[in-house]
Amino acid sequence: MEKLIKNGTVVTACDEFKADIHVKDGKIEAVGRDLSVPGAQVLDAAGMYVLPGGIDQHVHFSFEYKGSRVRGFETSHAAAVGGTTTVIEFVNQQQGKGLLESMEEYKAAWAEGKARVDYNFHGIITDPRDEVFGEMDDLVAAGYTTIKLFMAYKGMFFHADDDAILKALKAARKAGITIMVHAENADAIDVLQKELVAAGKTDPYYHAVSRPPLVEAEATRRAIYLARMAEAPLYVVHVSCREAMEEIRQARTAGLPVFGETCSHYLVLDESCLARPDFEGAKFVCSPALRTPDHQEALWEALNLGWLNAVSSDHCGFDWKNQKHMGRDSFVNIPNGAPGMENRLPVLWTYGVETGKISRQKLVDLYATAPAKNTGIDHCKGRLAVGYDADIVIFDPAWRGVMSAQRSLHGVDFTPYEGMEQKGRPHQVLLRGELIVDNGAYVGEAVPGRQVKGKPYGNSYR
Ligand code: URP
Ligand code: ZN
Ligand code: ZN
């Protein structure tokens, strides 16, 4: 059924204005003043902001850490209630298999029929045989235009050495694929972890001590140098600290195509959370680690000035009682990552827009428009413009509440944002024109998510 969103304030990445939106056949048919569409279902957005559906370019629905695996796509309706209508998930290359084969198998087994928002995948190179570097054109043809390599996690099967990163950068460049890196110095972390454990310092707090900002900054700089050698663009994921951001800023100032994101948790949570008693600190173990509050200010500023161009959730649905407790003996064994896919827009609104740190336009850019460009899906996602998918959030700025795992759909027993104040929430959300959230509740059972294929030569090449 056609829909007409009336009386709202449309917010884009560059402006905002009073306008109605006509939705037809899953697409935006018209944006304009006083539209009238006989027979259309009218959604009254008086007093609300109308935003493009969010693109979360960094979620994990299959990440495994020492035998623990996160909750999968069946929990992705939690993204929807948080205003995210497209997620980009990271898929491991299976040992002995190609990247494309691994991604297609994963899609069929774990995403199709389960996803409740639209999706695509970043490949993760875990087995850097020469054949993999010959797959780039096939990956592009299948709609996969981003690949991540893990510089961190020494000894784990998905860790990548510099030779793999350099080869990937060179091969990807020829096909217009964007290489993303998790930039932390794995060897340095390993040394620090062993020293701490030997000294009996095994509590969750020492996770941060074992991964100081310099391990992130060093790897960020190294990745930038490798990208320079390959004459390729680079995207640095989950930048957590001033030092790493500074490496990106310097590269960008020198005219290099180096880009980065940060994540919601680095903007509002700090390393003191890791020191919470009764093993509560384990809830906040993610990598890179949470930092001291001064880094948060540097990250907000970097977002405003364009040194970092997106905010992701790095959602990772490990639960606390069963999975995080694997690390009771040592922080080294605590599964890395925390849930957050439904909190990204609320965090940005409450702690960014409402505090005056970012504008509403900046929010839209960071949470939807730029991530769509970064991942090559901006031909149909991330904008409220005629012809685009009708992925739309009708946002109620007057709503007040607190963030809580109890109300969450993410399928795990905690949220790192527990008890934090929330101002505003997605009142209604449309996915390709279908109502999937109404009055803040998920109602999209009959609306499956679909793959949205990426195009090569994304933002980092432009
Ligand atoms: O701690 C994190 N970030 N877990 C997810 C995997 C990753 O490193 O992105
Ligand atoms: Zn990572
Ligand atoms: Zn991640």
Side-chain angles (χ1 to χ4, degrees), residues 56-72 79 84 87-93 119 121-126 146-160 164-165 178-186 189 193 204 207-208 210-211 215-216 219-220 223 234-241 244 260-267 269 271 273-274 281-291 308 310-320 323-324 326-327 331-341 343-344 371 374-375 410 412 414-416:
D56 195 342
Q57 65 180 13
H58 189 151
V59 302
H60 297 275
F61 290 130
S62 57
F63 186 63
E64 286 185 39
Y65 189 93
K66 301 195 176 186
S68 289
R69 185 180 171 111
V70 295
R71 301 297 177 282
T84 289
V87 294
I88 318 288
E89 126 90 329
F90 292 87
V91 176
N92 285 327
Q93 175 196 4
Y119 58 88
F121 307 114
H122 311 285
I124 298 177
I125 294 179
T126 66
T146 44
I147 290 176
K148 178 179 179 182
L149 292 102
F150 282 99
M151 300 170 85
Y153 301 119
K154 185 180 168 87
M156 302 215 183
F157 76 93
F158 46 82
H159 167 77
I165 295 166
T178 298
I179 293 296
M180 305 176 131
V181 287
H182 173 139
E184 286 188 293
N185 183 319
I189 293 166
Q193 284 179 337
H207 175 73
S210 74
R211 312 175 92 100
V215 305
E216 188 181 340
T220 303
L234 177 73
Y235 200 94
V236 185
V237 296
H238 49 40
V239 176
S240 73
C241 62
E261 65 170 15
T262 188
C263 306
S264 345
H265 42 282
Y266 298 122
L267 293 169
L269 302 173
E271 66 168 39
C273 299
L274 285 157
K283 294 177 177 174
F284 303 90
V285 167
C286 60
S287 293
L290 296 179
R291 307 299 183 193
L308 301 175
V311 176
S312 304
S313 70
D314 199 358
H315 172 85
C316 226
F318 290 118
D319 71 29
W320 183 62
Q323 295 178 311
K324 291 274 188 184
M326 299 299 288
F331 68 88
V332 176
N333 296 323
I334 300 171
N336 283 207
M341 65 179 146
N343 307 103
R344 190 174 64 113
N374 292 334
T375 55
H410 61 29
V412 297
F414 79 101
T415 166

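What you are looking at is a predicted structure, and each value in this text was computed from that prediction instead of being measured. Just so you know, ligand 1 is whichever comes first in the structure, and atom 1 is the first atom listed for that ligand.
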Original post:
Are Phe90 and His122 close enough that their ring centres sit under 6.0 Å apart?
Top reply: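 Centroid separation for Phe90 and His122: below 6.0 Å.
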
Subject >> Count of N, O or S atoms belonging to protein, less than 2.8 Å from the Zn ion (ligand 2) >> reply: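 N, O or S atoms of the protein closer than 2.8 Å: 3.
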
Determine the interplanar angle of the [X] and [Y] rings, folded into 0 to 90°, and report it as parallel if under 30°, tilted if 30 to 60°, perpendicular if over 60°.
| X | Y | value |
| --- | --- | --- |
| Phe318 | Phe63 | perpendicular |
| His315 | His410 | tilted |
| Phe150 | Phe158 | tilted |

For the backbone of [Y] and the side chain of [X], can you confirm whether one donor and one acceptor N or O come within less than 3.5 Å of each other?
| X | Y | result |
| --- | --- | --- |
| Gln93 | Thr126 | yes |
| Ser312 | Asp56 | no |
| His60 | Asp314 | no |
| Tyr65 | Gln323 | no |

Original post:
Can you tell me if Arg291 and Ser240 form a side-chain donor-acceptor pair at under 3.5 Å?
Top reply: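 A pair is found: one side chain offers a donor N or O, the other an acceptor, under 3.5 Å apart.
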
Original post:
At a 4.0 angstrom heavy-atom cut-off, what protein residues surround ligand 1?
Top reply: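 Its neighbours under 4.0 Å (heavy atoms only) are His58, His60, Phe63, Lys148, Phe150, Tyr153, His182, His238, Cys286, Ser287, Asp314, Cys316, Asn336, Gly337, given by chain and number.
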
Subject >> Check: Met341 and Phe61 side chains under 4.5 Å, non-hydrogen atoms >> reply: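 With C-beta onward as the side chain, the pair touches.
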
Original post:
How wide is the angle at the Zn ion (ligand 3) between NE2 of His60 and NE2 of His58, to the nearest 10°?
Top reply: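 An angle of 100° at the metal.
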
